[in-house]
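As structure tokens, the structure follows; a few thoughts come after it.
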There are 2 protein chains.
Amino acid sequence: MDKKGRSVNGSKKTIGSSDVARLAGVSRSAVSRAFTPGAYISPETRQRVVEAAEMLNYSPNAIARSLSKKSSGLVGIIASNLDNPYYALMLSALSSALQAKGYGILLLIAELDDMDALIPKLLSYQVDGVILPAATLSSKMAVVLERSGRPVVLVNRYLQQDVVSSVSGDNYGGGTAVADLLVKGGHRRIAYMAGLDDTSSSRDRGQGLKDRLATHGIAIYAQEAGQYRHVDAVAAARRLLSMTPAPDAIFCANDIMAMAALEVAKVEYGLKVPAELAIVGYDNSDPASWPLHQLTSVDQHLEDMVKLSVEMLLRKLVSGDTTLEHLTVPASLVVRASTRQTG
Amino acid sequence: MDKKGRSVNGSKKTIGSSDVARLAGVSRSAVSRAFTPGAYISPETRQRVVEAAEMLNYSPNAIARSLSKKSSGLVGIIASNLDNPYYALMLSALSSALQAKGYGILLLIAELDDMDALIPKLLSYQVDGVILPAATLSSKMAVVLERSGRPVVLVNRYLQQDVVSSVSGDNYGGGTAVADLLVKGGHRRIAYMAGLDDTSSSRDRGQGLKDRLATHGIAIYAQEAGQYRHVDAVAAARRLLSMTPAPDAIFCANDIMAMAALEVAKVEYGLKVPAELAIVGYDNSDPASWPLHQLTSVDQHLEDMVKLSVEMLLRKLVSGDTTLEHLTVPASLVVRASTRQTG
DNA sequence: TTGTACGCGTTATCAC
DNA sequence: GTGATAACGCGTACAA
């Protein structure tokens, strides 16, 4: 235990396949083969190599392997808004799924609009593919990605220009389902609290609501933007509830905003939910089911989206197929106590 | 725009420094130097190289660079429990901080106890350092990490065996602060809802509470474990509140559990908070400040912890210093409406 | 300041 | 089945 000072000098020699080869009395190729599943090598030599490797505490250098194989085994992910639990969950699920398939994750966080600087960095590390959860991708970068020849999957977003594959929840369908529920509940002054302006998710959810309401002969009563965030949603809810007459239902583009609306309605306006005001969220996040909220919400089936995204990416990865695909995962309504069933 | 079929055949030749060199009429080393900040190269040649590079859409291969420089520019992070918003935030902050310093993040998600399999994978990618947020590290892996010679920082956890550096919040101090607050509020039947059993954070928070209560001549009234999760916390809260007499204050080891306790108290037991029951959380997460909860909590100053962690890691990285360090970030009480100020 | 030549640790190819 | 040898793409002494 007194082997100190090993890093005072730079003598910490990194051991490589040649060291193992020497000890095992074989060639470097044999060592490589011993660590390559399904390679031509006799059981006994493999055994010798493995023993020598354990003795020397050797494990193959993935960087060198990547260089040689021209494939890093890494998938790049650019995440953002991890303060929103929904995206955090998405990242977690994506990582787990990729990991289960043997891929590592190169993670970058997009702060505001530095996306364009991040993608080249990702590509420089020779990632085998890229997954962009809920990202706003500039068309310029879409081209860069496309030209890189690496498969890319956009999760829960899509672009106007059809240049990147995507897997999304059925945001439009979710909106229509909410419309039906609210109309059936007898509501007529229905407001929409939107999320971020430039996101397809927020737009589609609102559009689904409006279109379906229109078939019932009802126009949207009001609309405010809550930026998918609690603070902004509180302000938006105040604007909505101070109208006269106030809306009798608010559909919020995510659960966080819905909980904010719930708060404002109960605490500041003393409203009874759902008797005087119905509130619907989106994401069916964990807190939505908590007794205190009992929030009706739309489940996007995150697990399915993630599963399909990863499957799509890996399929493109192995096949080299570059055709664009767009998958939509059905959404389903989860009715709880924040909405009433009949009018 | 009709240049199709580029990936039908594998003719997508990856361009390297030699291609750029040829076009610019210089040697490969010149290209390398053009992309190496602070290298000996004349402005005009650099200019020529840069132009050629842009023309060919070249950017250096980070994998090859890593192999050559024996440093990947990657920091490994093993995250877990990303369904807990606090950890998600921590990951986000860590990534951002590292990214700002020019490092990339190699992310792995620890599902349950597969930690021991993950670390070698991380090391095989030649990460320059490792950050383990809130991880339960086996002593065996601690040794593997130590032997790898790479700096490691444990965030908000520490080990009994002093073998890995760490940055933690002052969990014990947080516990004592809560004890003082509750005693001042006139509470005498004070319960503790612990988090995960084997975590130092949960243990220390509870110990701080108990020790300080003891100086006031008060023993802990009851203790239950909520595993840092909402569902388990609901069950734990029920056990506590069904006691006779019930506790008049509950200190929960995180905000999620505190909100669960709040729910059970209000919804199921019809208790007035804080008149009949005081509740204190930990983390001072965003929802704690929401009007509906108004939860008194302990702020760990996550940003500071992250900043210090990254600084510590990078310092060790550049200096090669392998001495163990343990930093503690003071916690501060944030008093809100879920506790009363006087008895 | 620039170019040459070698090394980084691995895999793939080809003879044996 | 096994072992030389040549890539992989880049950094960097060293010499010029």
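Here is the naming used below: chain letters follow the sequence lines, and residue numbers restart at 1 for every chain.
- Between the side chains of B/S42 and B/T45, at least one donor N or O sits under 3.5 Å from an acceptor N or O.
- Rounded to the nearest 0.5 angstrom, A/H326 NE2 and A/S165 OG are separated by 6.0 Å.
- Proximity of B/T45 to the phosphate of C/dT2: a side-chain N or O atom is located under 4.0 Å from OP1 or OP2.
- Following rounding to the nearest Å, B/Y40 (OH) and C/dT4 (C1') show an atom-to-atom distance of 20 Å.
- Within the structure, every side-chain polar atom (N or O) of B/S27 is placed at least 4.0 Å from both OP1 and OP2 of C/dT4.
- To the nearest 0.5 Å, atom CG of residue A/L107 and atom CG of residue A/L82 are 7.5 Å apart.
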Could you encode protein contacts along nucleotides 9-16 of chain D as a string, one character per nucleotide from 5' to 3', using B for base contact, S for sugar-phosphate-only contact and - for no contact, with a heavy-atom cut-off of under 4.0 Å? BBBB----
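- Results of the side-chain contact (heavy atoms from CB on, under 4.5 Å) test with B/D19 over B/L56, B/T14, B/V31 single out B/L56 as the only residue that passes.
- Computed from coordinates, the B/Q126 CD to C/dC8 C1' distance equals 11 Å when rounded to whole Å.
- Spacing between atom CZ of B/R22 and atom C1' of C/dG3 amounts to 16 Å, rounded to whole angstrom units.
- Atom-to-atom distance recorded for B/K121:NZ and B/I78:CD1 is 11.0 Å, nearest 0.5 angstrom.
- A salt bridge links A/E311 to A/K307: one of the charged nitrogens lies within less than 4.0 Å of a carboxylate oxygen.
- Nucleic acid contact class of B/I41 (heavy atoms, under 4.0 Å, all strands): sugar-phosphate only.
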